[in-house]
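Encoded as structure tokens, the structure appears first; notes follow it.
Computed from a predicted structure; not experimentally measured. The chains referred to below are lettered A, B, ... by the order of the sequence lines, with proteins before strands, and numbering in each begins at 1.
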Amino acid sequence: MIARASKLFLPTLRDAPADADAASHKLLVRGGFIRQVGAGLWTFLPLGWRVHQKVVQVIREEINAIGGQEMLEPVLTPAELWETSGRIGIPIVFKLKDRTGRDFVLPFSHEETMTFHARELQSYKQLPQLWYHFSTKERDEPRPRGGLLRVREFIMKDSYSFDRDELGLDRSFDAHKGAYERIWERCGLEVYYVEAESGIMGGRESSGFMAPAESGENILVRCENGDYYADYDAARGIPRAPELPEPLDKPEEVETPGVTTIESLAEFLGIDPAATSKAMPVMVGERPVLALIRGDDRLSEEKLVTALGEGYRPMTDEEIRSVFGAGGGSLGPVAVTIDVLADDALHEGQFVAGANRDGWHLRGVQAGRDYKPDFADIRQANEGDACAVCGGKLLEQTAIELGHIFKLGTFYSVPFGATFLDEDGEEKPLVMGSYGIGPARTMAAVVEQHHDERGIQWPRTVAPYDVHIVALTGTESYADRAASALDDAGFDVLLDDRDARAGEKFADADLIGCPFRVTVGRKAAEDGTVDLRERAKGEDDAVKVDELVSAVRGKLS
RNA sequence: CGGGACGUGGCGCAGCCUGGUUAGCGCGUCGGCUUUGGGAGCCGAAGGUCGCGAGUUCGAAUCUCGCCGUCCCGACCA
């Protein structure tokens with residue numbers, strides 16, 4: 001197929017919109033790929049939709065290759081399904097009513113609907129099953145941003161596996177992991193498989209795929225030695241050893257007038273901030289809990305939720321006063337009646353803690369001796385922590401989360417009654433997994449990872465066209481010949497036949513970023529040659545028009 | 001939801017503080033002539049409810065209030 005630029009709706013811009021920040025946002029808008037309709041709402045213009053479709057096709061092929069069956073489920077979803085799973089209460093769920101007042105959800109993923117259909121699975125003989133679709137998702141996103149990086153409506157490939165047991169789930173999960181890795185590879189992306197939190201999806205285990213990018217939404221924590229990758233929220237690090245003072249036989253009160261922060265406490269006592277502990281009192285439902293971390297650490301809210309097994313909220317000042325008898329800056333774990341959940345970093349050693357008495361702290365507080373906590377990893381990992389695998393240094397890098405895969409287990413099948421009969425005639429719930437990829441985010445990540453100051457450098461697999469022919473004035477017949485030859489050879493061709501100046505056409509070609517550019521100029525008439533250039537390399541090779549196809553093929557091999 | 005900023009032809013901006021005829025500039029668009037391998041030159045032209053609504057005033061893009069929208073930081077987040 002030959003696309004003629006003179007006929008295309010391809011509105012390129014010399015300047016990026018003032019509100020664009022991320023490179024992918026600027027370049028996709030400037031290149032005429034996408035346009036904004038509202039906050040987090042984007043139209044894919046013809047060129048952008050071509051790229052999106054190419055990403056979709058790569059995903060489709062790889063999911064089909066592991067046995068996926070493509071289908072399509074509706075966006076508009078009866079709210080009862082989401083009441084069954086309990087996800088109706090999640091704030092970002094779009095909800096609406098029809099004219100009779102019936103409640104509906106516009107889902108951000110389709111676990112409920114898929115499980116609804118999975119109730120038709122009846123026998124172990126039918127398992128495993130792997131179903132997927134590409135469909136529009138909605139989320140009532142509090143803060144869309146970064147062009148395609150965080151939006152309110154988007155297309156997602158989500159697949160769902162149904163197995164008879166955990167072993168089967170592990171196999172389905174691993175198959176997806178492999179498929180996803182092939183997808184990123186084919187899209188030319190650098191992506192890391194990371195530990196992640198399952199958050200609002202439910203289920204017991206989840207992993208993310210993160211693409212490092214200048215304008216990432218997430219933080220990728222990685223070991224300098226390449227043996228550990230994790231999402232920031234889930235990352236485990238080993239903090240540096242604190243400089244602990246001489247141990248005491250029992251805690252000792254010390255007056256600390258007006259000292260309510262870790263910084264001022266460490267300074268006042270002349271000690272390492274890492275030799276202090278920080279108390280974070282929370283309410284878990286009606287149950288008060290004291291979360292305790294090292295003074296120089298930050299509490300990971302995600303890890304705390306995981307450790308508690310349910311959500312929580314910070315205590316109000318009044319609650320703190322009534323539970324501890326002291327204000328927020330003077331709290332500690334000694335002699336409290338509520339449960340204490342201490343970070344693993346407090347396992348060994350003696351730390352300074354609040355005395356639960358305004359203006360006083362305790363030196364020499366030791367877990368196990370002076371208070372009896374439960375232990376868990378509830379601190380955020382920091383850059384510079386030691387890697388839990390090899391002891392190397394942990395690094396942080398902004399990244400885009402492109403995919404997320406979950407071992408859901410029976411989280412949905414049990415409430416939906418999606419069961420099957422095994423060989424023994426016993427009824428069992430389906431063991432499920434779910435697996436998502438955002439093609440538009442993938443597209444944005446490709447741009448983030450493949451661009452220069454002039455524009456995009458698409459890998460051929462997802463490029464809008466393989467070859468961009470720049471036809472300079474007076475060369476139309478030669479340009480047509482070149483285009484036809486490439487077209488006949490199976491390449492997607494964009495022919496810039498507009499009545500425009502050379503510089504403008506070159507600038508647009510660099511911006512749009514097709515992998516090959518063919519310049520047809522006066523040399524075509526003189527000696528039958530055109531200039532072939534790879535976008536990512538930027539050097540022209542003079543090639544006879546008759547040899548253009550083989551020259552392009554040669555550069556591809 | 002908290003903090004900050006912005007809203008003026010398609011894109012990028014000035015004007016606003018200190019109200020005063022027909023609201024400017026660059027790019028783009030249309031017509032003409034010239035030009036033609038890295039966003040050309042000259043001439044002419046079209047295109048704007050100054051986000052919306054109230055208010056103050058003889059007079060509001062400009063001052064006041066309210067609302068809406070968009071972006072950034074945070075909170076939140078498959």
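- Minimum atom distance to the side chain of A:Arg501 is reached by B:rU36, of the listed B:rC71, B:rU36, B:rG38.
- In this structure, A:Pro144 reaches the sugar-phosphate backbone alone: every heavy-atom distance under 4.0 Å involves primed, P, OP1 or OP2 atoms, never a base.
- A gap of 10 Å separates the P atoms of B:rU8 and B:rC52, to the nearest Å.
- Between A:Glu547 and A:Lys544, no side-chain nitrogen of the basic residue sits less than 4.0 Å from a carboxylate oxygen of the acidic one, so the salt-bridge criterion is not met.
- Here A:Arg60 pairs with A:Glu70 in a salt bridge; the nearest charged N to carboxylate O distance falls below 4.0 Å.
- Applying the 3.5 Å distance criterion, the base of B:rC72 shares no donor-acceptor pair with the side chain of A:Arg145.
- Which of B:rG37, B:rG12, B:rC76 sits closest to the side chain of A:Glu301 comes down to B:rC76.
- A:Gly146 comes within contact range of the sugar-phosphate backbone alone, with a heavy-atom separation under 4.0 Å but no base atom that close.
- Comparing the same atom, C1', in B:rA14 and in B:rG24 gives a spacing of 7 Å after rounding to whole Å.
- Residue contacts for A:Tyr435: at a heavy-atom cut-off of 4.0 Å it reaches no nucleic acid atom on any strand shown.
- Counting atom types as modelled, A:Arg30 pairs no side-chain N or O with a base atom of B:rG10 as donor and acceptor under 3.5 Å.
- Checked for salt-bridge contact, A:Asp531 and A:Lys523 meet the test: a charged N lies under 4.0 Å from a carboxylate O.
- The side chain of A:Asp510 sits closest to B:rG38 out of B:rG38, B:rG37, B:rG12.
- Pairing for B:rG12 is with B:rC25, a Watson-Crick or G-U wobble pair whose two hydrogen-bonding atom distances lie under 3.5 Å.
- Distance noted for atom P between B:rG20 and B:rG59: 15 Å (whole Å).
- Salt-bridge annotation for A:Glu153 and A:Arg139: absent, with no side-chain N of the basic residue lying under 4.0 Å from a carboxylate O of the acidic one.
- Here B:rC11 is the nucleotide among B:rC11, B:rC13, B:rG37 with the atom lying nearest to any side-chain atom of A:Asp15.
- Summarising the base pairing, B:rG59 is matched to no nucleotide, lacking a Watson-Crick or G-U wobble pair whose two defining distances lie under 3.5 Å.
- Dashed line: the shortest gap from a side-chain N or O of A:Arg14 to OP1 or OP2 of B:rG28 is under 4.0 Å.
- Summarising the geometry, the separation between CG on A:Asp499 and C1' on B:rA40 is reported as 13 Å, rounded to the nearest angstrom.
- Distances were taken from every side-chain heavy atom of A:Arg150 (C-beta onward) to each of B:rC77, B:rG37, B:rG39; the shortest belongs to B:rC77.
- Side-chain N/O atoms of A:Arg533 and base N/O atoms of B:rG38 include a donor-acceptor pair closer than 3.5 Å.
- For the pair A:Lys407 and A:Phe173, the distance from NZ or CZ to the six-membered ring centre is under 6.0 Å and the angle to the ring normal is within 45 degrees.
- For A:Arg535 and A:Phe516, the positive end is not near the middle of the six-membered ring at less than 6.0 Å and at most 45° from its axis.
- When Watson-Crick and G-U wobble pairs are counted only if both distances are under 3.5 Å, B:rG74 pairs with B:rC1.
- Rounded to a whole angstrom, the distance from the P atom of B:rG47 to that of B:rA54 is 27 Å.
- The side chain of A:Ile92 lies closest to B:rC77, out of B:rG12, B:rC77, B:rC11.
- Taking the charged nitrogens against the carboxylate oxygens, A:Arg441 and A:Glu217 have no contact shorter than 4.0 Å, which rules out a salt bridge.
- One can place OH of A:Tyr132 at 26 Å from P of B:rA78, the figure rounded to the nearest angstrom.
- Here the separation of B:rA61 from B:rG53, taken at their C1' atoms, is 16 Å to the nearest Å.
- Scanning all heavy atoms of the two residues, the minimum distance from A:Ala463 to A:Val51 falls at C-CG2, 4.4 Å.
- Applying the Watson-Crick and G-U wobble criteria (two distances, each under 3.5 Å), B:rG39 pairs with nothing in any strand.
- Across all strands, A:Asn218 comes closer than 4.0 Å to no nucleic acid atom at all (heavy-atom distances).
- Between the C1' atom of B:rU36 and the CG atom of A:Asp497 lies a distance of 17 Å, rounded to the nearest Å.
- With B:rU36, B:rA78, B:rC11 as the candidates, the nucleotide lying closest to the side chain of A:Arg139 is B:rA78.
- Closest to the side chain of A:Glu504, out of B:rG39, B:rC11, B:rC77, is B:rG39.
- Rounded to whole Å, the distance from NZ on A:Lys523 to C1' on B:rU36 is 16 Å.
- Annotation: B:rC72 and B:rG32 have their P atoms spaced 43 Å apart (nearest Å).
- Residue-level contact check: A:Asp508 touches the bases, meaning some heavy atom is under 4.0 Å from a base atom.
- Nucleic acid contact class of A:Ala507 (heavy atoms, under 4.0 Å, all strands): base.
- Pairing for B:rG19 is absent, judged as Watson-Crick or G-U wobble with the two contacts each under 3.5 Å.
- Atom CD1 of A:Ile400 is separated from atom C1' of B:rA78 by 16 Å (rounded to the nearest Å).
- Candidate nucleotides B:rU70, B:rG38, B:rA78 were compared by shortest atom distance to the side chain of A:Asp19, and B:rU70 ranks first.
- Dashed line: the shortest gap from a side-chain N or O of A:Arg522 to OP1 or OP2 of B:rG37 is under 4.0 Å.
- In terms of position along RNA chain B, the nucleotide closest to A:Asp21 lies nearer the 5' end than the nucleotide closest to the other residue of the pair A:Lys137 and A:Asp21.
- Comparing B:rC13, B:rC11, B:rC77 against the side chain of A:Pro17 picks out B:rC11 as the nearest.
- Within 4.0 Å (heavy atoms only), A:Ala16 reaches sugar-phosphate atoms of the nucleic acid but no base atom.
- Atom CD in A:Glu539 sits about 22 Å away from atom P in B:rG37, given to the nearest Å.
- B:rA23 and B:rC16: their C1' atoms are spaced 12 Å apart (whole Å).
- Whole-Å rounding puts the A:Leu10 CG to B:rG28 P distance at 16 Å.
- Figure legend: cation-pi geometry between A:Lys177 and A:Tyr193, with NZ or CZ positioned under 6.0 Å from the six-membered ring centre and within 45° of its axis.
- Pair assignment for B:rC6 gives B:rG69, based on Watson-Crick or G-U wobble hydrogen-bonding distances that are each under 3.5 Å.
- At least one side-chain heavy atom of A:Leu486 sits under 4.5 Å from a side-chain heavy atom of A:Leu548.
- The nucleotide B:rU64 finds its pairing partner in B:rA54, both defining distances of the Watson-Crick or G-U wobble pair being shorter than 3.5 Å.
- Residue A:Gly521 is in base contact, counting any heavy-atom pair closer than 4.0 Å across all strands shown.
- A:Gln36 has its CD atom 16 Å from the P atom of B:rG10, to the nearest Å.
- Pair assignment for B:rC30: B:rG44, on the basis of Watson-Crick or G-U wobble contacts that are both within less than 3.5 Å.
- Both A:Arg454 and A:Gly38 lie near RNA chain B, and the one whose nearest nucleotide falls closer to the 5' end is A:Arg454.
- As rounded to the nearest Å, B:rU29 and B:rU70 have C1' atoms that lie 26 Å from one another.
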